[in-house]
Structures are given as C-alpha cells and as structure tokens.
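See structure below.
Ligands are counted one by one from 1 in listed order, and the atoms in each one are counted from 1 as well. Keep in mind it's a predicted model, so treat the numbers as computed, not measured.
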Amino acid sequence: MAPKKVLAPDTINGNIKKMVYAVRGELYIRASELQKQGKKIIFTNVGNPHALGQKPLTFSRQVIALCQAPFLMDDPNADIFFPADAIARAKQYLSYTSGGLGAYSDSRGLPGIRKDVADFLMRRDGYPSDPELIFLTDGASKGVAQLLNLLIRDEKDGVLCPIPQYPLYSATIQLVGGTLVPYYLSEEAGWGLDVQDLKRQVVEARMKGITVRGLVFINPGNPTGQCLSEANLRELIQFCHEEHIVMLADEVYQLNIYQDERPFVSAKKVMMDMGPPYSREVELVSFHTVSKGFWGECGQRGAYLELTNIHPKTVDELYKVASIALSPNVPGQIFVGLMVNPPKPGEISYPRYSEESKAILESLRRRARIMTDGFNSCRNITCNFTEGAMYSFPKIKLPQAAIAAAKQTGKAPDVFYCLKLLEATGISTVPGSGFGQKEGTFHLRTTILPSEDQMPEVMRLFKNFNDNFMSQYEGPSGALSKL
Ligand code: DCS
C-alpha cells in the first residue's frame with residue numbers, strides 16, 4: 001500500500017480546511033460545469049467588469065503598452081499611434097524604475113508611484129499624506145491579508161466585521177486563525193450602521209475572552225451597496241477611539257456612487273476634520289484598488305494601502321513582511337499611478353478619458369436603477385437601492401414549502417433557490433449565506449455588471465423564474481418565512 005500522503009486532506013493546515021469563500025463556491029462550480037456542457041451562463045457572481053464586456057480606458061492601455069514595449073517609442077511613427085501625453089507618461093513611469101517593468105521594485109512599490117498616490121490623497125482629502133506610509137499591493141486583497149496577519153495573534157483576537165460582509169474578511173480571519181466578531185447592518189435602515197449594536201457586540205465578545213483589535217467597514221458596501229454618511233463615519237471613529245480598535249477602511253468602491261445625497265468621503269478626511277485626539281490617535285488603514293471604479297482592471301492586480309497613526313516600528317514590520325514577496329507586480333503599480341493621476345483638462349487625452357469614464361459610470365448608475373426596480377417588481381422580493389459599489393442584495397421571502405424542500409436536499413434555503421435560478425436561467429449569483437445574513441432571512445447577491453442592453457432580458461428571466469418558483473412553493477399551505 002502506498003504510504004499516506006504528507007499533504008493528506010486531513011493533515012493540512014486546519015484553518016484552510018475550515019475556510020469558506022462563497023464568491024467562487026458551490027454556485028460558481030456548478031455554473032462552470034453547466035457552461036462546459038454548453039449552457040449559456042451569465043456570470044453575475046463576481047465584480048469583474050471586463051469579463052462582462054466593459055472596455056478598458058484607452059489612455060491607460062496606451063501608457064502600459066509603451067511601458068511594456070519601450071522600443072515602440074523609438075519608432076518614427078510612434079506619434080501616429082500614441083498621443084504625445086501617453087508617450088510622456090510612459091517615459092515618466094519608466095524613469096521611476098531602474099530596469100523597466102521587468103525589474104523588481106521596492107517591496108512597498110515604486111517610490112515615484114507612492115508619491116503620486118500621496119499627492120492624490122492630498123488633493124482628495126485636503127490633508128498631507130506621506131509616501132513612506134503608502135504600500136502598493138497586488139490587489140487590495142493582498143493588502144487586507146497582510147494587515148489581518150499583522151493584527152491577529154491567535155484565536156482570542158477578534159475583528160469586527162459587518163454582516164453581510166465581503167467574504168475576503170471572514171476567509172482571511174479564518175486563515176490567520178483569528179475570530180470574526182459580527183456586527184449587523186440594518187436592512188430596514190438602508191443597510192445603515194448602528195453603533196449601539198457595535199458596542200453590544202464588543203461587550204459580548206469580551207465576555208467570551210476575545211480581545212477586539214480591529215474593525216472592518218466597507219464604504220460603499222459590498223454586498224449591500226450603501227454609502228455611509230459623514231455622521232456615521234464620525235460615530236465609527238469615536239467608537240474605535242473609545243474602544244482602542246484599529247480601523248480597516250475598505251474604500252475600493254469610492255468611485256462607484258449612484259446617488260447625489262451622500263458623495264464618497266474618506267475615513268481619513270473625516271478623522272482629520274475631527275481634529276485631536278482622533279486625528280492623532282485613531283489607527284487607520286485605508287484600501288483602494290484599480291479593480292473597481294470605472295477602471296475595472298481586476299486582472300492587473302494593482303492597489304494601495306495607506307497607514308495613518310500606525311507605530312513607526314510596526315510600519316517597519318509590515319515592510320519586512322512585504323519584502324518576503326520581494327515586489328508587488330510592477331504593471332499593476334503603473335495602473336495605480338494612472339488611477340491616481342488620470343489625464344487632466346487641457347491635455348490631449350483628456351476628452352477621450354473623460355468621455356469613456358463618464359459613459360461607464362452613467363451606465364452603471366442606470367443599471368443600478370434597472371436592477372433594483374426589477375427586483376422590487378418580483379413576488380416576495382424587496383431590495384434596497386444600490387447607492388454605490390457594484391451589487392444588488394435583494395431579500396427573498398421564501399415559502400415554508402421551499403425551505404422544507406431545501407432541507408430535504410441538504411442545502412441551505414438560499415443556496416437551493418440560487419441553484420434553481422442557475423439551472424433555469426443560467427444566471428450565476430451568490431447566496432446571501434456566503435456573506436452572512438440575519439437568521440431567518442434569505443438573500444442573494446448579483447452584480448449590476450451585465451451590459452445595459454442585456455439587462456432587461458436578465459431581469460425578465462429572473463422575474464419569470466422567481467414568480468414561477470413562488471407559485472410552485474406557495475401552495476395553500478405554503479406560508480412565507482417570517483422575516
Ligand atoms: N474589498 C472589497 C469590498 C471587494 O469587493 C473586493 C473585490 C476587494 C476588496 C478586493 O479587490 P482586489 O483584490 O481586486 O483589489 N470584490 C470581489 C467581489 O465581491 N466580487 O468580485 C471581486
């Protein structure tokens with residue numbers, strides 16, 4: 001008999017076995033199988049805009065092409081194919097590196113790009129930002145993982161996470177062996193944040209011997225799509241100060257805003273506006289990425305984090321950790337540079353950049369409305385408006401008979417519903433249980449990313465499926481789930 005594998009499933013790191021990541025979970029696997037069998041699948045499970053047809057912005061691709069192939073700039077016809085400002089920009093980025101895109105950079109990222117990020121933050125927030133406290137990372141996911149790794153020592157260390165939350169947080173906390181402390185967003189209050197609930201959760205966690213060391217918030221929210229008000233952010237900052245908790249501000253959707261009442265305002269700005277002691281004492285880490293906004297450059301893996309009020313020796317420790325991977329990927333860093341310093345009015349590429357980015361955002365705003373209205377027209381479904389980010393998170397009131405049928409197949413009721421939806425329509429979503437939801441409630445998450453001309457058909461397919469599902473399970477004895 002062959003000897004037992006060292007990497008046997010029952011002997012690998014237990015934290016990996018316990019970890020779940022729903023965005024690429026059971027539903028996604030089934031959707032991929034169906035696709036292989038030839039079924040047309042509409043992938044709305046991942047916020048991956050280019051995969052659903054969004055076109056890259058021209059200027060950024062011109063610059064990166066030139067950075068990747070600098071010899072193109074020596075061609076006498078270069079200025080026919082590339083505008084002068086793209087050529088100038090490529091030269092600028094190449095001057096930041098020693099050896100071009102093929103060379104490792106500093107483990108925190110190229111100093112020139114970190115300086116561009118700091119200048120952007122100064123313009124955005126009105127407060128100075130230090131390039132030495134900016135780290136470029138391979139996507140925000142990597143930065144979040146590095147921070148959680150730094151924060152969590154063992155299972156007695158807790159991190160407050162919103163429920164529903166993006167499972168990067170639950171999965172990574174599990175992976176590094178910490179404890180997730182949930183706080184519940186209020187669906188009835190447009191997925192608002194209730195500081196009283198936060199306080200209760202901290203007291204409860206402490207009674208269980210958990211040291212609450214961090215608080216994650218996502219603004220605009222994923223999967224919930226709400227935009228936090230400035231007042232809400234002030235309360236959060238006060239709370240973290242009182243309770244001595246590090247704030248992790250996930251602000252990756254800061255450009256994706258679809259209402260005018262609450263424009264995006266960063267946690268850093270609110271904290272600085274509050275003045276001392278908050279501005280000097282609250283430990284804050286903020287994240288941003290090129291994967292979202294109108295850039296949608298998910299595959300480039302470019303992002304940054306900014307550290308505020310973090311102990312200088314801890315910053316050095318984070319640098320040490322980043323050094324293990326030598327260097328974040330350099331093309332991704334260039335995209336960060338482009339995101340924080342796009343073409344300006346008066347420059348050759350500005351009109352095109354402005355037109356392309358505006359068209360994407362305006363279309364997303366219309367799609368957010370079509371989707372929310374579509375869900376709200378369905379039987380037994382209610383859905384808060386997607387104020388920001390890229391998702392809708394409708395609540396589905398499932399009939400008792402459907403819940404019972406799900407139980408019989410050994411599936412959670414929302415998984416059961418989403419699987420049936422997938423089989424009937426090809427629409428691939430993520431069940432609410434993957435993000436966490438109040439007990440007894442059921443949701444699903446879709447992105448608002450199918451193209452605008454596809455959207456009416458997607459919603460028609462959805463409504464048709466849902467209303468038939470409800471008729472099937474809502475017989476004379478089929479009472480609705482209570483919430
Ligand atoms: N933070 C939030 C709130 C996110 O939604 C995502 C990605 C990330 C961080 C990580 O982004 P990058 O690592 O690409 O910078 N969102 C995933 C999602 O929910 N669907 O698709 C991707």
Side-chain angles (χ1 to χ4, degrees), residues 20-25 27-28 31 42-52 54 109 117 135-148 159 161-173 185 191 214-228 247-257 264 266-267 285-306 325 328-329 331-333 335-336 338-340 364 386-393 428-432 434-436 443-450:
V20 218
Y21 182 70
V23 172
R24 295 241 158 125
L27 258 291
Y28 176 75
I42 305 159
F43 282 100
T44 72
N45 58 311
V46 189
N48 193 7
H50 291 203
L52 286 144
Q54 185 178 305
V117 173
F135 283 51
L136 305 183
T137 57
D138 296 342
S141 312
K142 199 57 180 280
V144 166
Q146 281 173 349
L147 243 294
L148 289 172
V159 178
C161 290
I163 297 295
Q165 54 100 34
Y166 171 48
L168 162 67
Y169 292 97
S170 48
T172 311
I173 291 169
L185 301 175
W191 295 115
L215 173 137
V216 171
F217 67 95
I218 308 174
N219 180 37
N222 176 9
T224 38
Q226 84 285 24
C227 296
L228 291 183
M247 293 184 94
L248 303 186
D250 186 327
E251 299 176 335
V252 301
Y253 295 104
Q254 60 188 265
L255 285 171
N256 298 98
I257 308 284
F264 170 76
S266 73
V285 187
S286 311
F287 303 91
H288 193 18
T289 179
V290 306
S291 300
K292 311 297 169 187
F294 43 74
W295 301 94
E297 294 275 8
C298 301
Q300 313 287 358
R301 314 308 296 135
Y304 73 82
L305 59 84
E306 185 192 22
N329 95 72
Q333 297 183 43
F335 276 93
V336 173
L338 288 157
M339 173 178 77
V340 298
L364 282 171
T386 301
E387 298 173 343
M390 293 182 171
Y391 312 96
S392 269
F393 198 62
S428 161
T429 58
V430 186
F435 306 92
H443 300 78
L444 60 79
R445 187 190 82 169
T446 69
T447 67
I448 57 165
L449 297 176

*Which of the atoms in ligand 1, numbered in the order shown and given with their element, are less than 4.0 Å from a heavy-atom of Thr289?*
12 (P), 15 (O)
*Please check if the distance between the ring centroids of Tyr391 and Phe435 is under 6.0 Å.*
no
*Strictly under 6.0 Å, is that where the ring centroids of Trp295 and His288 end up?*
no
_Note, Thr429 side chain near Arg445 side chain (heavy atom, < 4.5 Å)_ = no
*Is there any N or O on Arg445 that sits under 3.5 Å from an N or O of ligand 1?*
yes
_For ligand 1, the portion of Ala140 having any non-hydrogen atom under 4.0 Å away_ = both
*From the options Val144, Val285, Val117, select the one residue that forms a side chain to side chain contact (heavy atoms under 4.5 Å, CB included) with Leu305.*
Val285
*May I ask you to list the atoms of ligand 1 that are less than 4.0 angstrom from any heavy atom of Lys292?*
7 (C), 16 (N), 17 (C), 21 (O), 22 (C)
_Pairwise side-chain contact, Glu251 with Phe287, heavy-atom cut-off 4.5 Å (strictly under)_ = no
_Under 4.0 Å from a heavy atom of Val46: which atoms of ligand 1 are those, numbered in the order shown and with their elements?_
20 (N), 21 (O), 22 (C)
*Determine whether Phe264 and Tyr253 make a side-chain contact, defined as any pair of heavy atoms from C-beta on separated by less than 4.5 Å.*
no
*Check salt bridge (Lys or Arg N to Asp or Glu O under 4.0 Å) between Glu387 and all other residues, then give those that pass, not counting sequence neighbours.*
Arg262
*Tell me, please: is Met390 in heavy-atom contact with ligand 1, that is, under 4.0 Å?*
no
*Do Ser291 and Arg301 have side chains that get closer than 4.5 Å, going by heavy atoms?*
yes
*Looking only at distance, does Ser291 have an N or O less than 3.5 Å from an N or O of ligand 1?*
yes
*Does ligand 1 have any atom sitting under 4.0 Å from a heavy atom of Asn48?*
no
*Just going by heavy-atom distances, which of Phe287, Tyr169, Tyr304, Tyr166 is nearest to atom 8 (C) of ligand 1?*
Tyr166
*Would you kindly specify which portion of Gln300 sits under 4.0 Å from ligand 1, judged on non-hydrogen atoms: side chain, backbone, both or neither?*
neither
*asked:* Distance under 4.0 Å to a non-hydrogen atom of Gly47: what atoms of ligand 1 satisfy this?
replied: 20 (N), 21 (O)
*Test side chain to side chain donor-acceptor pair (under 3.5 Å) applied to Ser392 and Thr447, Thr386, Thr224, Thr446, the passing residue*: Thr386
*asked:* Under 4.0 Å, counting heavy atoms only: does Lys142 come that close to any atom of ligand 1?
replied: no
*Heavy atoms only: which of Pro49, Ser141, Ala303 is nearest to atom 11 (O) of ligand 1?*
Ser141
*Which is it for Asp250 and ligand 1 at heavy atoms under 4.0 Å: side chain, backbone, both or neither?*
side chain
*asked:* Closer than 4.0 Å to some heavy atom of Arg301 - which atoms of ligand 1 meet that?
replied: 12 (P), 13 (O), 14 (O)
_Just to verify, what does Thr44 make a side chain to side chain donor-acceptor pair (under 3.5 Å) with, not counting sequence neighbours?_
none
*asked:* Taking 4.0 angstrom as the limit and counting only heavy atoms of Ile218, give me the atoms of ligand 1 inside it, by number and element.
replied: 3 (C)
